[in-house]
There are 2 protein chains.
Amino acid sequence: MKKAEATRLNILHKAFELIYVKGYQTTSIDDIIATTQVTKGAFYYHFKNKDNMGLAIVNEILKPIFVNSFVKPLQNEKNPLDAIYNLMYNLLMENEFLKVEFGCPAANFTQEMTPWNVHFSKVLNELTKEWIETMTYSIEEGKKREFVRNDVNARQTSMFVMSGYWGIRNFGKLENSKKAYLPYLKELKNYLNTLK
Amino acid sequence: MKKAEATRLNILHKAFELIYVKGYQTTSIDDIIATTQVTKGAFYYHFKNKDNMGLAIVNEILKPIFVNSFVKPLQNEKNPLDAIYNLMYNLLMENEFLKVEFGCPAANFTQEMTPWNVHFSKVLNELTKEWIETMTYSIEEGKKREFVRNDVNARQTSMFVMSGYWGIRNFGKLENSKKAYLPYLKELKNYLNTLK
DNA sequence: CATAAAAGATACCGCTTAGTATTTTTGTAA
DNA sequence: TTACAAAAATACTAAGCGGTATCTTTTATG
């Protein structure tokens with residue numbers, strides 16, 4: 001990897017961390033260049049402006065993480081209900097990258113940027129759509145293999161599950177404790193069992 | 001009502017609207033005094049600083065709305081499952097105050113302020129706790145009247161329901177359409193039916 | 001090794017921010 | 001009417017913001 005590319009990625013990674021912790025609007029470019037040890041000239045060599053960098057973060061950092069952690073675990077799994085529960089358990093309880101006190105990066109971005117910048121909304125919407133679609137497909141396949149009742153509406157279920165995840169992330173943030181996740185996970189299991 | 005008190009409340013109401021639409025951090029005091037037609041001197045006569053005003057908004061504006069719209073509809077209802085569904089339907093589809101494109105004010109505040117100001121977290125936590133508690137009690141009562149299965153965990157269910165609500169609000173914001181609410185509501189109904 | 005372009009450093013600009021200090025107006029009770 | 005405090009207006013500050021212009025260093029290539 002070229003040095004310039006390394007500098008760029010370094011900015012993206014560090015900035016993403018800062019934004020995940022502090023929020024986008026309250027993370028200043030001066031904050032970013034201070035923690036990356038990169039000067040303003042270097043920053044503006046690589047990015048046209050702040051939003052340009054923000055979009056790069058979503059596309060180049062958040063998206064791959066999302067696909068790897070949220071989408072892939074649902075693919076090529078035989079029993080979708082187990083896969084969904086395991087995914088949620090993993091994301092909430094075990095994932096070392098996602099921290100309870102900072103919530104869900106995608107949800108954070110959505111809430112903060114949606115009123116301001118349509119480009120963010122667009123990309124984030126594509127991201128969530130991919131998740132919903134994958135989960136929906138996974139449930140449909142599960143029906144064929146008789147892991148899931150035939151009268152279950154796959155898309156409806158996917159949206160219901162995703163909503164719960166986003167919501168409990170926000171609640172965990174408020175409580176600042178993973179304990180808040182446990183009753184949610186238990187009830188998620190109950191709910192998923194009713195779909196068998 | 002004294003004129004001074006009217007000025008104060010006017011600031012709180014207008015500021016709340018602005019913050020609901022734009023977010024707390026990105027709503028400046030200059031924005032607020034511009035839309036309220038109140039001068040900076042008047043603003044700082046009534047509030048020590050911005051966060052002081054923010055807390056007053058949560059306590060004096062958000063809290064009463066929350067109790068009226070979220071908590072009261074669950075009280076003195078015989079069938080908690082119907083009450084919960086009707087509440088959610090009402091909040092998402094009919095409530096004239098809550099707008100799909102701006103999400104849930106309480107959730108917005110939570111996400112934005114939790115990393116910064118513990119006072120906000122505390123008040124917001126009390127708010128949600130009140131909701132959870134009311135819903136939990138309502139379900140417990142429903143058990144006694146045989147509207148709800150006896151093996152249902154009331155608190156677990158409440159947290160599950162609340163999470164879904166917060167999550168779908170964020171999703172609605174992203175999609176910018178109430179259509180996103182419909183599959184959620186359908187599946188919520190399915191879920192609630194399994195608790196009978 | 002020369003050279004040019006890529007990459008990065010430095011200083012600064014115009015503007016906005018939250019907050020303060022000071023003055024002026026308004027309401028009310030004696 | 002006067003006295004005085006409550007309420008509001010005005011002008012200002014210091015710091016922070018995103019962004020630009022300009023200069024210097026590094027790197028790749030003939």
Side-chain angles (χ1 to χ4, degrees), chain A residues 1-58 60 108-109 112-120, chain B residues 1-58 60 108-109 112-120:
Chain A
M1 182 165 54
K2 279 201 227 164
K3 202 195 159 204
E5 187 62 15
T7 305
R8 194 188 126 94
L9 285 178
N10 185 234
I11 293 173
L12 288 179
H13 278 113
K14 295 265 172 65
F16 179 66
E17 267 308 311
L18 280 173
I19 290 167
Y20 181 39
V21 173
K22 304 182 21 164
Y24 180 83
Q25 315 262 18
T26 41
T27 298
S28 70
I29 291 172
D30 284 352
D31 285 339
I32 295 166
I33 66 175
T35 58
T36 49
Q37 302 271 56
V38 155
T39 58
K40 206 163 250 193
F43 181 94
Y44 278 98
Y45 173 79
H46 287 287
F47 305 102
K48 206 182 87 211
N49 51 39
K50 194 187 178 185
D51 281 1
N52 189 276
M53 177 213 62
L55 284 169
I57 286 176
V58 176
E60 298 171 41
N108 292 357
F109 261 113
E112 202 174 358
M113 300 311 289
T114 285
W116 294 109
N117 192 313
V118 282
H119 299 104
F120 279 87
Chain B
M1 181 165 53
K2 280 203 232 162
K3 202 197 158 202
E5 186 60 17
T7 305
R8 194 189 126 94
L9 285 177
N10 185 233
I11 293 172
L12 289 179
H13 279 112
K14 294 267 173 63
F16 179 66
E17 266 308 310
L18 281 174
I19 290 166
Y20 180 38
V21 173
K22 303 182 19 165
Y24 180 82
Q25 314 263 19
T26 41
T27 298
S28 70
I29 290 171
D30 284 351
D31 285 340
I32 295 167
I33 66 175
T35 58
T36 48
Q37 302 271 55
V38 155
T39 56
K40 206 162 248 192
F43 181 93
Y44 278 99
Y45 173 78
H46 288 288
F47 307 102
K48 207 181 85 212
N49 51 39
K50 193 186 178 185
D51 281 1
N52 189 277
M53 178 214 60
L55 284 169
I57 287 177
V58 175
E60 298 172 43
N108 291 357
F109 261 113
E112 204 173 356
M113 301 311 290
T114 285
W116 293 108
N117 192 312
V118 282
H119 299 105
F120 279 86

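The basis for the numbers below is simple: all heavy atoms, side chains too, and nothing from hydrogens, waters or symmetry mates. Just so it is clear: chains get the letters A, B, ... in the order the sequence lines come, proteins before strands, and each one is counted from 1.
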Worksheet item: Looking only at side-chain N and O atoms, does B:His46 come under 4.0 Å of OP1 or OP2 in D:dA8?
Response: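 The answer is yes; a side-chain N or O of B:His46 sits under 4.0 Å from OP1 or OP2.
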Under the salt bridge (charged side-chain N to carboxylate O under 4.0 Å, His left out) rule, collect the residues that match up with [X], sequence neighbours excluded.
| X | value |
| --- | --- |
| A:Glu60 | A:Arg8 |
| B:Asp31 | B:Lys22 |
| A:Lys14 | none |

Discussion item. Applying side-chain hydrogen bond (donor to acceptor under 3.5 Å, both in side chains), can you list everything that pairs with A:Lys50, at least two apart in sequence or on another chain?
Written reply: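 Partners of A:Lys50 by the side-chain hydrogen bond (donor to acceptor under 3.5 Å, both in side chains) criterion come out as none, since no residue qualifies.
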Discussion item. For B:His13, give me all partners under side-chain hydrogen bond (donor to acceptor under 3.5 Å, both in side chains), at least two apart in sequence or on another chain.
Written reply: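 Result, side-chain hydrogen bond (donor to acceptor under 3.5 Å, both in side chains) vs B:His13: none returned.
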Worksheet item: How would you give the extent of chain B contacts on DNA chain C, as first and last nucleotide 5' to 3' within a 4.0 Å heavy-atom cut-off?
Response: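 Footprint of chain B along DNA chain C, 5' to 3': C:dT17 to C:dT20.
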Practice prompt. Could you pull out all residues at least two apart from A:Asn117 that satisfy side chain to side chain contact (heavy atoms under 4.5 Å, CB included)?
Written response: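 Testing A:Asn117 for side chain to side chain contact (heavy atoms under 4.5 Å, CB included), a comparison that skips the adjacent residues, returns A:Asp51, A:Met113, A:His119, A:Phe120.
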Worksheet item: Does the side chain of A:Met53 come within less than 4.5 Å of A:Ile32's, by heavy atoms?
Response: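 Yes; the side chains approach each other to less than 4.5 Å.
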Worksheet entry | Reading 5' to 3' through nucleotides 17-22 of chain D, protein heavy-atom contacts under 4.0 Å coded B for base, S for sugar-phosphate only, - for none | SBBB--
Worksheet entry | Atom-to-atom span, OH of B:Tyr45 to C1' of D:dA8 - whole angstrom |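 So the OH-C1' distance, B:Tyr45 to D:dA8, works out to 9 Å.
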Fill in: Gap between atoms CD1 and P, on B:Ile33 and D:dT10 respectively (whole Å)
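Nearest whole value for this atom pair: 11 Å.
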Worksheet entry | A:Phe43: ring pair (Phe, Tyr, Trp, His ring centres under 6.0 Å) partners, not counting sequence neighbours |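 Expected list: A:Phe47.
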